[in-house]
S.K.: 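This is the structure, below, for whatever I ask next.
Only this structure's heavy atoms are used, side chains among them; waters, hydrogens and symmetry mates stay out. The first residue in the sequence is number 1, and the count goes up from there.
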Amino acid sequence: MSKFALLFLLVFFGGVVAALAYSGTAAFVVYQMVYFFNPDNRWWASSIPGLRYSLIASLLMLSVLAAKYRHYSEMSPWGEMAPFKWMLAVLGMYYVAYIFALDLPNHKRFTFEFLKLIIIVLVAYKLIYSEKALKVCLWVYIMGCAYIGYLAHVTGRNAQGRVEGIGMVDSLDANDTAAALVPSAVLLLYFAWMGDKKIRVLSVVCGALIANGLVLINSRGVFACVVSLGIFILFMIFSSQQRKGQRFTAVLIVVVGLSGAIYVTDDLFWERMGTLKEIEDKESSGSSRMVFWWTTFDMLEDHPMGMGINGYNRLAPIYMDDDTRGGVEHRSVHSMWFQGLSELGWLGFGFFCCMLLSLYRLSRKAKKYVMSLDNAKAYFQILALECAFIGYLAAGTFINRFRAEILYWMILFLAVAIKVYYLQAKKANADAAGEGDAASYKQAKFTRKSRDVYT
């Protein structure tokens with residue numbers, strides 16, 4: 001049996017036992033692990049039992065939540081997280097789109113997959129109930145990305161200079177895989193900065209695997225890493241929340257990061273990045289995608305409620321000539337933003353934007369709250385999760401990932417951080433204050449009674 005097959009089975013069944021006997025968080029950890037290992041599509045798949053591992057992990061999450069629903073709900077009520085209401089509205093719009101979807105079979109299929117994803121996110125929000133649980137889930141995500149980086153290293157590039165077929169459960173595409181790795185960079189930076197020596201060594205090892213994987217995959221989405229890391233480093237330098245040596249650390253990170261980038265990148269990588277400037281070459285240039293984006297508005301003039309999943313592809317031959325489409329008949333829009341707009345129209349896309357806005361507002365309140373407590377560690381963790389989310393949004397600008405797992409994981413992780421550091425902490429302080437007032441009232445009442453007896 002392959003060592004990876006054995007490792008997978010040990011972690012999978014060990015996680016099942018841990019979820020049932022120790023903590024429900026382990027159920028989501030199992031789900032994360034299955035997502036990255038993707039056992040059905042690995043070369044060692046023949047060495048393990050042919051079980052439906054994703055389904056088992058999903059049912060495990062539902063089972064542990066049902067067993068202690070009251071316990072988890074007290075710590076993680078859904079109603080306090082406004083973005084989830086908008087998330088459900090987006091899901092509802094996909095079912096409304098049954099009425100006008102141009103490719104109804106595919107629309108029904110992928111809407112059901114999206115429904116399962118939303119259920120997983122809502123259940124995981126309850127199961128990840130503490131700071132420790134959040135940290136574990138973030139590290140499992142990072143280790144999963146490092147595994148993908150390792151696969152890129154051992155697989156190597158193909159004749160087109162890419163690494164294909166090493167992706168996760170929801171996509172094997174190289175660009176989608178690279179986008180899934182992007183948020184891990186800023187999270188590793190945070191843990192390396194805030195962690196002890198062991199954590200820093202682990203962060204360096206994982207970071208090297210992930211960076212090398214991104215270069216080998218040769219996706220332009222690597223620039224999204226620059227966006228997320230750049231924003232985080234700017235906050236490290238200019239934020240009023242400062243730790244000793246923070247600005248010097250930020251400058252050192254920039255120097256080390258640039259040196260590492262020069263070392264791991266090669267000519268083939270920079271040759272592909274250079275295609276961003278080739279406006280005339282519509283087949284290879286990233287800039288040609290803007291033509292596909294603007295075509296969405298032409299389609300929406302005739303279909304204001306959207307075209308449903310795969311509807312844009314169906315209409316591409318009608319709204320674009322063969323030269324514009326680069327010889328591909330059913331062209332994709334190549335952007336999660338315009339993908340969502342084309343699938344759900346203005347109303348559904350508006351719900352999605354409201355979800356992002358409500359999440360931003362809650363995150364801003366959480367940062368203000370932890371700053372008032374002078375909790376720099378919590379502040380920068382929330383900031384790192386924000387930057388990780390922004391990084392994925394930046395990567396998704398050039399690919400169709402409107403319903404991607406990692407997109408909604410980033411929403412989940414940020415929502416959990418808001419819950420742990422703001423909503424739960426605020427409630428705990430209010431309860432403590434209430435108990436203090438009650439104790440003061442009892443003491444005052446006892447004092448008055450004693451005085452009456454004495455007099």
Side-chain angles (χ1 to χ4, degrees), residues 23-25 28 65 68-89 118 121-139 141 183 186-187 190-191 193-195 231-232 235-236 239-243 246 354-390 408-444:
S23 171
T25 306
F28 182 65
L65 175 61
K68 296 183 178 180
Y69 182 80
R70 181 175 296 179
H71 170 69
Y72 288 120
S73 291
E74 288 178 356
M75 295 183 291
S76 308
W78 285 317
E80 65 185 7
M81 192 55 58
F84 289 161
K85 299 175 183 177
W86 294 110
M87 187 185 295
L88 292 173
I118 298 304
V121 169
L122 293 177
V123 173
Y125 178 76
K126 286 191 178 292
L127 299 181
I128 309 173
Y129 54 85
S130 67
E131 180 182 355
K132 182 179 179 181
L134 174 61
K135 185 177 181 180
V136 169
C137 291
L138 290 177
W139 269 110
Y141 161 69
V186 70
L187 295 177
Y190 166 78
F191 283 122
W193 176 35
M194 293 289 184
I231 295 174
F232 188 79
F235 270 92
M236 286 181 65
S239 173
S240 58
Q241 197 77 8
Q242 291 288 320
R243 292 162 58 100
Q246 181 171 309
C354 287
M355 178 181 66
L356 300 185
L357 180 61
S358 62
L359 186 64
Y360 165 74
R361 287 177 173 174
L362 273 175
S363 182
R364 185 176 62 179
K365 290 180 180 179
K367 287 189 295 184
K368 287 183 178 179
Y369 181 78
V370 296
M371 284 179 68
S372 67
L373 301 177
D374 200 27
N375 189 347
K377 190 173 183 180
Y379 171 83
F380 281 104
Q381 183 171 15
I382 296 172
L383 178 63
L385 288 167
E386 285 182 339
C387 293
F389 186 30
I390 292 171
Y408 289 87
W409 284 18
M410 291 300 110
I411 295 173
L412 166 67
F413 292 148
L414 184 53
V416 171
I418 293 169
K419 172 184 68 178
V420 170
Y421 293 115
Y422 173 52
L423 299 176
Q424 286 182 350
K426 190 176 180 181
K427 182 179 179 181
N429 288 339
D431 291 344
E435 291 176 0
D437 292 342
S440 299
Y441 174 76
K442 290 180 180 179
Q443 181 63 36

S.K.: Would you indicate whether the side-chain heavy atoms of Y422 and E80 approach each other to under 4.5 Å?
M.R.: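 No; the side chains remain at least 4.5 Å from each other.
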S.K.: Which residue pairs pass the salt bridge (Lys or Arg N to Asp or Glu O under 4.0 Å) test when at least one of the two sits in residues 366-385, sequence neighbours left out?
M.R.: K367-E386
S.K.: Tell me the closest heavy-atom pair linking K126 and P77, and the distance in Å.
M.R.: NZ-CA, 3.8 Å
S.K.: Drop me the distance from C387's SG to Y190's OH, to the nearest 0.5 angstrom.
M.R.: 12.5 Å
S.K.: Say you draw a straight line from NZ of K85 to SG of C354; how long is it, rounded to the nearest 0.5 Å?
M.R.: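 Here the rounded value is 13.0 Å.
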S.K.: Could you tell me if the side chain of L187 sits less than 4.5 Å from the side chain of L385, heavy atoms only?
M.R.: yes
S.K.: If we only count heavy atoms from C-beta on, is the I418 to L359 side-chain gap below 4.5 Å?
M.R.: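 A side-chain contact exists here, since the closest heavy-atom pair is under 4.5 Å.
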S.K.: Crowded around W86 CH2? As in, over 12 foreign heavy atoms under 6.0 Å?
M.R.: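 Count not over threshold, so no.
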S.K.: Would you call the rings of Y141 and F413 parallel, tilted or perpendicular if under 30° counts as parallel and over 60° as perpendicular?
M.R.: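 Rings of Y141 and F413: tilted, as their planes differ by 30° to 60°.
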S.K.: How close do I128 and A133 get, counting heavy atoms only, and between which atoms?
M.R.: CG2-C, 3.8 Å
S.K.: Can a donor-acceptor pair be found, under 3.5 Å and without considering hydrogens, that links the side chain of S358 to the backbone of M355?
M.R.: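 Side chain of S358 to backbone of M355, a donor-acceptor pair under 3.5 Å: yes, one is there.
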S.K.: Is the backbone of Q381 close enough, under 3.5 Å, to the side chain of Y421 for a donor and an acceptor to pair up by distance?
M.R.: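 No; judged by distance alone, with no hydrogens or angles, the pair does not exist.
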S.K.: With heavy-atom distances below 4.5 Å as the criterion, would you say the side chains of L138 and F191 are in contact?
M.R.: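 Yes - at least one pair of side-chain heavy atoms lies under 4.5 Å apart.
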S.K.: On a heavy-atom basis, which atom in G24 and which in L127 lie closest, and how many Å separate them?
M.R.: O-CD1, 3.5 Å
S.K.: Answer whether the closest heavy-atom distance between the side chains of L88 and W78 falls below 4.5 Å.
M.R.: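 No, their side chains stay 4.5 Å or more apart.
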S.K.: Working to the nearest 0.5 Å, report the span between CG of L383 and CE of M236.
M.R.: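 The CE atom of M236 is 10.0 Å from CG of L383, to the nearest 0.5 Å.
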S.K.: Enter the distance from S76:OG to M81:CE here, rounded to the nearest 0.5 Å.
M.R.: 9.0 Å
S.K.: Is there a side-chain contact between Y408 and I411 in this structure, where contact means two heavy atoms from C-beta onward sitting under 4.5 Å apart?
M.R.: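 Side-chain contact under 4.5 Å: yes.
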S.K.: Roughly how far, to the nearest 0.5 Å, is OG of S23 from OH of Y129?
M.R.: 3.5 Å
S.K.: Can you see which heavy atom on I382 is nearest to which on A417, and at what distance?
M.R.: CG1-CB, 4.3 Å
S.K.: Please enumerate all residues that pass side-chain contact (heavy atoms from CB on, under 4.5 Å) together with V136, with sequence neighbours excluded.
M.R.: V29, V140
S.K.: Hey, does L414 have a side-chain heavy atom less than 4.5 Å from the side chain of L362?
M.R.: no
S.K.: Could you check V121, V123, L412 and say which one makes a side-chain contact (heavy atoms from CB on, under 4.5 Å) with F28?
M.R.: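 Among the candidates, only L412 passes.
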S.K.: Has the side chain of S73 got a donor or acceptor atom that lies under 3.5 Å from a matching backbone atom of Y69?
M.R.: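 Between the backbone of Y69 and the side chain of S73 there is a qualifying donor-acceptor contact (under 3.5 Å).
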S.K.: Keeping to residues at least two apart or across chains, list the salt bridge (Lys or Arg N to Asp or Glu O under 4.0 Å) pairs with something in residues 129-139.
M.R.: none
S.K.: Can you check whether F380 reaches F232 side chain to side chain, under 4.5 Å on heavy atoms?
M.R.: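 Result yes, sub-4.5 Å side-chain heavy-atom pair found.
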S.K.: What is the distance from atom OH of Y360 to atom CZ of F389, rounded to the nearest 0.5 Å?
M.R.: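 Rounded to the nearest 0.5 Å, the OH-CZ separation comes out at 13.5 Å.
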S.K.: Distance to the ring centre below 6.0 angstrom and angle to the axis at most 45 degrees; does that hold for K419 and Y125?
M.R.: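 Output yes; distance and angle both within limits.
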